Amino acid sequence: MAARVLGRAGRLAAVVRSSAVRLQLRLHGSAGLRFGSQASFFPPLGDAMLPSGSFNNHVALITGGGTGLGRAMTATLSQLGAQCIIASRKLDILQRTAEEISSQTGNKVHAVQCDVRDPQAVSQCVDQMEALTGLPDVIINNAAGNFVCPSERLSPNAWKTITDIVLNGTAFVTLELGKRLIQNQKGASFLAITTIYAESGSGFVVPSASAKAGVEALYKSLAAEWGRYGHRFNIIQPGPIRTKGAFSRLDPTGAFEKATIDRIPTGRLGTPAEIANLAAYVSSNYASWMSGAVIRFDGGEYVSLAGEFNELRSVTPDQWKILEAMIRNTKGS
Ligand SMILES: CCCCCCCCCCC/C=C\C=C\C(=O)SCCNC(=O)CCNC(=O)[C@H](O)C(C)(C)COP(=O)(O)OP(=O)(O)OC[C@H]1O[C@@H](n2cnc3c(N)ncnc32)[C@H](O)[C@@H]1OP(=O)(O)O
Ligand SMILES: NC(=O)C1=CN([C@@H]2O[C@H](COP(=O)(O)OP(=O)(O)OC[C@H]3O[C@@H](n4cnc5c(N)ncnc54)[C@H](OP(=O)(O)O)[C@@H]3O)[C@@H](O)[C@H]2O)C=CC1
């Protein structure tokens, strides 16, 4: 009897061992489900989510509002009734965007040239804004600079350029407006756009990772300190959303796009309209109890990269039968 049981166990172990070799071969050949096919479960919606008029009589400043995600946020806020000011270095681009959005929504978008690295330029930009619209109700710190680069190739000026735009720029805009709003006893919503690797850090974008982490510390700190002046501070960490500015500097050949999509559990990149809806909600009076929040908006990419067993997604149901048998076969060993 014992010999029969041992014989059966031995045969099972042999089957399991040879199946395991086949399984390993197949895994190295990346068998299994294509993760990207899941996108059909998660179609993006493009229309504005909040009720029309949600930002009537509101003024919004969006840095980097001429392009990419900043442009999409400006379009949504403007559609919902806000008077917007967009600020960055390239006045021609700002003016084109402002005219296009104003003509679509019927609400005025103002273009103001400003390099956020220069505190004097920021102060002049706020002077200009005060004259045009008065102080803002909504501030979105969205302007950024970034490029992929091995850290051993970074010059001091490369480091300074990125950290000046991202951390110092955000601080200059936030402090200049904060002080004037406090003086005028006016409350406001501040939102910073960071990135998922502000939390984890990431090689090859080290100045950006360091500066974005600093922005998160700044916003969490001010959420605690300036609530007494009527100010809310929140953070959105976007995952990959195709914009010319980001993709041309982070994946210039396009070689990494497919692998990026494959690791996102919702099987696709985000869209500018989706983050614009989230930014509008966070900046609106519907979110008046939200402050100090860090909202990850990445289709699940962060947790997908973090979990060390997540690669097991490529194991097929048949392969699981084999793995399970192998694991059960360890009983008593
Ligand atoms: C596994 C790979 C996965 C790929 C995934 C696909 C994509 C995923 C997307 C996910 C995105 C996540 C986070 C995104 C964060 C972002 O912030 S994206 C926004 C990007 N947008 C911008 O950067 C717009 C603005 N950028 C610029 O204007 C410029 O790029 C710059 C350089 C930031 C600033 O311009 P400027 O002031 O004119 O500066 P320069 O004088 O040109 O340069 C200053 C110094 O920096 C050095 N430099 C510049 N470029 C590089 C480079 N590519 N490599 C190394 N060094 C560089 C330059 O030489 C200067 O230094 P020196 O004076 O010492 O020479
Ligand atoms: N797209 C993505 O996948 C992700 C984006 N993000 C973040 O989203 C935000 C928007 O990025 P995205 O729209 O993709 O990229 P863009 O390059 O389109 O946006 C960056 C904006 O910042 C402005 N800017 C750059 N330097 C300065 C400066 N010195 N002073 C003032 N404005 C400046 C640029 O305008 P100008 O050149 O006229 O100055 C531009 O409009 C950024 O904060 C980025 O870090 C985060 C994670 C993922």
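As the structure lists them, so they are numbered: ligands from 1, and atoms in each ligand from 1. We count residues from 1, following the sequence as given. Since we're looking at a predicted model, the values are computed, not measured.
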All heavy atoms of Val215 vs all of Val166, minimum pair found to be CG2-O, 3.4 Å
Which atoms form the tightest heavy-atom contact between Gly68 and Thr243, and what is the distance? CA-CG2, 3.8 Å
4.0 Å heavy-atom contact, [X] with ligand 1:
| X | result |
| --- | --- |
| Ser208 | no |
| Phe204 | no |
| Arg117 | yes |

Closest non-hydrogen protein atom to [atom], residue and atom name please, with distance?
| atom | result |
| --- | --- |
| atom 9 (C) of ligand 1 | Phe247 CE1, 3.8 Å |
| atom 44 (C) of ligand 1 | Thr161 OG1, 3.3 Å |
| atom 1 (C) of ligand 1 | Phe256 CD2, 3.8 Å |
| atom 30 (O) of ligand 1 | Arg249 NE, 2.7 Å |
| atom 14 (C) of ligand 1 | Leu250 CD1, 3.6 Å |
| atom 5 (C) of ligand 1 | Thr260 OG1, 3.5 Å |
| atom 60 (C) of ligand 1 | Asn157 ND2, 3.8 Å |
| atom 19 (C) of ligand 1 | Ala246 CA, 4.2 Å |

Side chains of [X] and [Y]: does their closest heavy-atom pair fall under 4.5 Å?
| X | Y | result |
| --- | --- | --- |
| Ile236 | Thr194 | no |
| Ser304 | Arg313 | yes |
| Lys244 | Thr67 | no |

If I apply the N/O under 3.5 Å rule, does Asn146 come out as touching ligand 1? yes
What about [X] and [Y], same hydrophobic cluster or not, with Ile/Leu/Val/Met/Phe/Trp/Tyr joined at side-chain heavy-atom distances under 4.5 Å?
| X | Y | answer |
| --- | --- | --- |
| Ile140 | Leu218 | no |
| Ile261 | Leu250 | no |
| Leu177 | Ile235 | yes |
| Ile85 | Leu135 | yes |
| Leu181 | Val112 | yes |

Can you name the atoms of ligand 1, numbered from 1 with element, that are less than 4.0 Å from a heavy atom of [X]?
| X | answer |
| --- | --- |
| Cys149 | 54 (N), 55 (C) |
| Ala144 | 17 (O), 21 (N), 22 (C), 23 (O), 24 (C), 25 (C) |
| Gly245 | 20 (C), 21 (N) |
| Ile162 | 33 (C) |
| Gly145 | 22 (C), 23 (O), 33 (C) |
| Ser155 | 61 (O), 62 (P), 64 (O) |

Do any non-hydrogen protein atoms sit less than 4.0 Å from [atom]?
| atom | result |
| --- | --- |
| atom 23 (O) of ligand 1 | yes |
| atom 58 (C) of ligand 1 | no |
| atom 40 (P) of ligand 1 | no |

Heavy-atom contacts under 4.0 Å to ligand 2, chain-then-number order, include exactly Gly64, Thr67, Gly68, Leu69, Ser88, Arg89, Lys90, Cys114, Asp115, Val116, Arg117, Asn142, Ala143, Ala144, Ile165, Ile193, Thr194, Thr195, Lys212, Pro238, Gly239, Pro240, Ile241, Thr243, Gly245, Ala246
Parallel, tilted or perpendicular, as decided by the 30° and 60° cut-offs, for the rings of Phe190 and Phe233: parallel
Proximity winner for atom 52 (C) of ligand 1, if only heavy atoms of Phe147, Trp159, Tyr197 are counted: Phe147
Checking Arg242 against Phe247: charged group under 6.0 Å from the ring centre and within 45 degrees of the axis? yes
Would Thr133 and His110 count as a side chain to side chain contact (heavy atoms under 4.5 Å, CB included) here? Give the steps. CA-CA 9 Å; Thr133 62; His110 306 271; 3.6 Å; yes
Walk me through whether Leu278 and Met49 qualify under side chain to side chain contact (heavy atoms under 4.5 Å, CB included). CA-CA 9 Å; Leu278 177 59; Met49 175 184 82; over 6 Å; no
For ligand 1, is any non-hydrogen atom under 4.0 Å from [X]'s backbone (N, CA, C, O), its side chain (CB onward), both, or neither?
| X | answer |
| --- | --- |
| Val166 | neither |
| Arg89 | side chain |
| Ala158 | both |
| Asp251 | side chain |

List the steps and the verdict of side-chain hydrogen bond (donor to acceptor under 3.5 Å, both in side chains) for Thr170 and Tyr219. CA-CA 10 Å; Thr170 301; Tyr219 266 44; over 6 Å; no
Mind checking side-chain contact (heavy atoms from CB on, under 4.5 Å) for Ile101 and listing every partner two or more places apart, or none if nothing turns up? Arg71, Thr74, Ala75, Ser78, Thr97, Thr105, Val109
Pair listing, salt bridge (Lys or Arg N to Asp or Glu O under 4.0 Å) test, anchored in residues 190-218, at least two apart: Glu199-Arg296
Using the rule given for side chain to side chain contact (heavy atoms under 4.5 Å, CB included), can you reason through Glu257 versus Leu269, listing the C-alpha separation, both sets of side-chain angles and the distance that settles it, and then say yes or no? CA-CA 9 Å; Glu257 182 167 332; Leu269 302 176; 4.0 Å; yes
Got a sec, which pairs hit side chain to side chain donor-acceptor pair (under 3.5 Å) with one end in residues 49-64, sequence neighbours left out? none
